[in-house]
Amino acid sequence: MSQAVAIIGTGQTECGKRTDVSYPELIYEAVGRAFDDSGLSPEDIEAVVSGSMPPAMEGVANPHLYWADAMGAAGKPLIRTATCGSTGMSLAHTGFYHVASGLFDLVLVVGAEKMYEGDPQGTMATVADPFFQRPFLAGAPGIFSLQSNEWAHRYGLDEKRVRMAAAELSVRNHIDALANPYAHIKLNITVDDVLKSRIIAYPVRILDVCPASDGACAVIMASERMVKKLGATPAWIRGVGYCGEEAFFGEGDKVVWQAAINAAKSAYKQAGITNPRKELDVAEVYNPFTFQEMLFYECFGFCDFGHACELVESGTVMRGGDLPCDPSGGTLCNNPIGATGLQRTAEVVLQVTEKAGDHQVPGASTGLAHAMGGLDQFNGIMILSNSL
Amino acid sequence: MDKRVAIVDAVQTRHGDALGENIQEIMFGVVKELLDRVGIEKSEIGTMISSSSDYWQGISCSNSYYYDAAGANLKSGSKAADDSALGFHYGVMRVLSGQYKTALVVSVTKCSESPSVHTLTHMSADPFFQRPVGLNETVVAGLQAREYMNRYGLKEEELARVVMKNLGNARKNYHAHRKGELSLEDVLSSPMMVDPLREIDIPATSDGACAVLLAAGEIAGDLTKNPVFVEGLGWNVNHSFVGDQDLLNGALPKAAEMAYRMAGVKDPAKEIDVIEVCDTTSFNEILFTEQLGFCPPGKGRNILNDGTTSMGGAIPVNPSGGLFGANPYVARGLIRISEAALQIKGEAGEHQVRDVKRALAHSVHGLGGQLHSVVILGN
């Protein structure tokens with residue numbers, strides 16, 4: 001690449017039902033915090049990247065134009081990137097290419113969602129094409145429960161064992177979220193609570209599912225030259241990978257999921273990672289559903305296919321384990337969708353720059369951030385590190 | 001930007017009021033035609049950037065629907081929403097990063113399947129202040145035009161000349177679907193829509209798509225005998241509220257300045273041979289040509305009246321017929337870029353301008369022209 005890129009500031013809002021602020025105000029909150037964190041001001045920014053879920057969720061046709069001023073973008077170049085669930089990661093990638101191209105040295109990247117003002121499942125149901133898939137693929141849980149069942153069935157995994165591993169992941173995420181000041185869901189739960197919670201779409205229970213949240217996230221990216229000039233504390237972007245596949249859900253293998261595998265492979269290749277399980281210190285895996293998180297472990301090479309439950313059972317992916325995943329509580333406890341992938345990125349930045357506070361993974365120097373989107377169709381990865 | 005990224009080739013649909021194929025079929029068609037023309041397989045494409053709008057497509061996450069039809073199955077891709085010139089910028093940045101040697105930039109819009117441009121651009125007004133007043137892109141263009149006419153004395157007959165010129169140019173453009181040889185009376189008898197703009201001053205929308213193949217400068221010569229180099233890019237956004245904007249001095253001069261600086265253009269009127277502008281209304285072509293620096297403010301009428309901007313003039317504006325010829329909303333910016341590239345290649349067909357060495361393409365969306373893009377291409 002023509003120049004190295006780092007993230008030198010992050011800003012997240014408290015998430016939840018944010019009826020106290022309008023859309024632009026919510027965004028301003030995240031952007032202001034990114035400026036505070038980086039010590040920069042809006043005049044320093046050369047270009048802005050913005051995104052959210054499909055704008056049916058916002059009820060505004062061009063959301064980037066609506067909140068241009070809230071981001072301080074007026075008078076600057078602005079691009080809206082949107083790829084559904086992976087929007088936040090696509091935003092991070094768009095910002096990365098702005099700087100890596102050599103055209104810009106300081107770029108502001110903003111993702112946001114106010115899910116309480118719209119109809120999230122209604123919006124998501126219209127991601128499916130209107131002729132073949134929409135009549136039976138309603139919203140997110142339907143698709144992801146199909147995928148979870150396919151995964152367990154493929155490897156002949158014992159139903160109770162998978163159920164228990166997913167419940168333990170749910171508890172881990174919920175307990176971790178208690179230490180994340182920005183997380184939406186703060187519930188002190190036990191495995192028993194998960195097992196008794198109501199079914200949404202078999203095998204997924206309510207405590208296996210992410211919430212709908214209002215929230216925003218902003219990060220500031222800088223070129224190597226600018227990092228040196230500002231004397232900033234950088235989280236270097238060591239690798240990016242993204243892969244998309246067929247529009248029709250039935251056409252791809254969602255267990256040995258090529259989109260996820262390819263995205264990880266290309267990011268690892270750029271970052272020079274050959275053994276992710278050993279070389280990564282932390283991972284923020286996009287986990288709107290507990291079962292799906294395990295499937296991603298396999299696609300990202302954290303373990304062999306069919307063996308994800310073991311990572312949970314051995315404690316490898318738990319707090320204090322060898323490769324703690326989602327120490328922020330993950331998407332499972334915080335999901336303003338257009339911001340979610342960018343939150344994963346910001347959380348890894350906090351970890352590798354030792355700014356994660358109560359949910360800091362000690363000594364984390366390299367981490368993976370991930371998001372998934374489209375119609376169970378896109379995967380994006382970013383590898384961040386405290387050294388180049 | 002010294003020959004680091006080139007356009008290898010560009011393909012458009014034959015645009016129409018209502019194309020018979022669906023979005024996936026249209027996308028597949030332009031991409032297949034482009035790859036066949038260049039003579040490469042889709043496996044040789046590095047990455048794909050698309051532009052579409054969920055509102056205009058009637059599908060949430062509009063790029064998920066045509067991702068594989070655009071040749072990107074199991075490839076890296078992204079979407080720059082709502083204006084395909086932004087998708088072009090993003091594609092160029094991906095190639096400049098050095099990660100990809102080639103990038104496919106695509107865009108499709110089927111306006112025949114969506115509500116009217118007035119309804120959809122009304123939806124881009126914020127819901128609290130501007131939407132209740134009834135603002136949409138056309139209404140704001142009317143306010144802009146009236147303000148300009150008051151300030152500079154532009155006449156209705158001069159607006160009509162833009163319509164006559166562009167629909168006349170479109171007659172020679174194979175891809176355009178609205179064309180015509182109109183008299184002044186024809187134009188002035190069109191019903192008033194948003195004063196001072198008549199129905200005929202506002203290009204109707206279309207169905208259409210466009211695909212452009214970008215390549216790193218060092219390999220472009222292997223893919224085509226006449227690569228078109230990207231010399232400059234610029235884009236800029238204005239304030240969200242129309243009341244906060246200077247309607248006659250918006251984001252376009254800033255976008256142009258960025259592109260000219262990158263391309264090393266000092267005097268666009270002397271250094272650029274042809275321009276393709278998003279003529280969102282007849283009036284806007286005059287305003288945008290001025291704001292691109294081709295004449296001083298208020299003098300756009302002069303270069304229109306003396307034939308400078310006509311075919312055969314010193315700086316033909318919209319030899320393709322512009323949006324008057326075809327206006328597939330999101331795809332139109334990439335079509336302008338594609339037209340500019342074909343002019344430089346000498347492959348524009350019957351509307352070819354002679355000896356084009358450098359061309360400019362422009363795109364815009366948003367109330368009052370909130371977000372403008374400028375691309376400078378050269379041989």
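All figures in this text were calculated on a predicted structure; none of them were measured in a lab. Convention: sequence-line order gives letters A, B, ...; per-chain numbering from 1.
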Q.
Other residues, nucleotides and ligands only: do more than 12 of their heavy atoms fall within 6.0 Å of OH on A:Tyr116?
A. yes
Q. For A:His64, is it the side chain, the backbone, both, or neither that has a heavy atom closer than 4.5 Å to a heavy atom of chain B?
A. side chain
Q | Contacting moiety of B:Asp126, where chain A heavy atoms sit under 4.5 Å | A | both
Q. Given that the side chain runs from C-beta out, which part of A:Ala82 has a heavy atom under 4.5 Å from chain B: side chain, backbone, both or neither?
A. both
Q) What option among B:Met258, B:Lys254, B:Arg94, B:Gln245 has the most heavy-atom pairs under 4.5 Å with chain A? A) B:Arg94
Q: Say whether B:Ser52 and B:Ser62, considering side chains only, have a donor N or O and an acceptor N or O under 3.5 Å apart.
A: yes
Q. Does atom NZ of A:Lys265 have more than 12 heavy-atom neighbours, drawn from other residues, nucleotides or ligands, at distances under 6.0 Å?
A. no
(Q) Quick check for you: among A:Ala73, A:Gly75, A:Pro130, which has the greatest number of heavy-atom pairs under 4.5 Å with chain B? (A) A:Gly75
Q. What part of A:Tyr23 gets closer than 4.5 Å to chain B, counting heavy atoms only: side chain, backbone, both or neither?
A. neither
Q. Chain B heavy atoms under 4.5 Å from A:Asp69: which part of the residue, side chain, backbone, both or neither?
A. both
Q | Near-ring test A:Trp236/A:Phe96, centroid separation under 6.0 angstrom | A | no
Q.
Tell me whether B:Arg4 is salt-bridged to B:Glu218, with the criterion being a basic N under 4.0 Å from an acidic carboxylate O.
A. no
Q) Which one of B:Tyr100, B:Tyr66, B:Trp56, B:Phe128 has the most heavy-atom pairs closer than 4.5 Å to chain A? A) B:Tyr100
Q. Can you tell which of A:Ser90, A:Gly374, A:Gly59 has the highest number of heavy-atom pairs within less than 4.5 Å of chain B?
A. A:Gly59
Q) So with a 6.0 Å cut-off around CZ of A:Phe249, is the heavy-atom count from everything else above 12? A) yes
Q. Side chain, backbone, both or neither: which part of A:Gln377 has an atom under 4.5 Å from a heavy atom of chain B?
A. side chain
Q: Inspect the surroundings of CZ in B:Phe28 and state if more than 12 heavy atoms from other residues, nucleotides or ligands are less than 6.0 Å away.
A: no
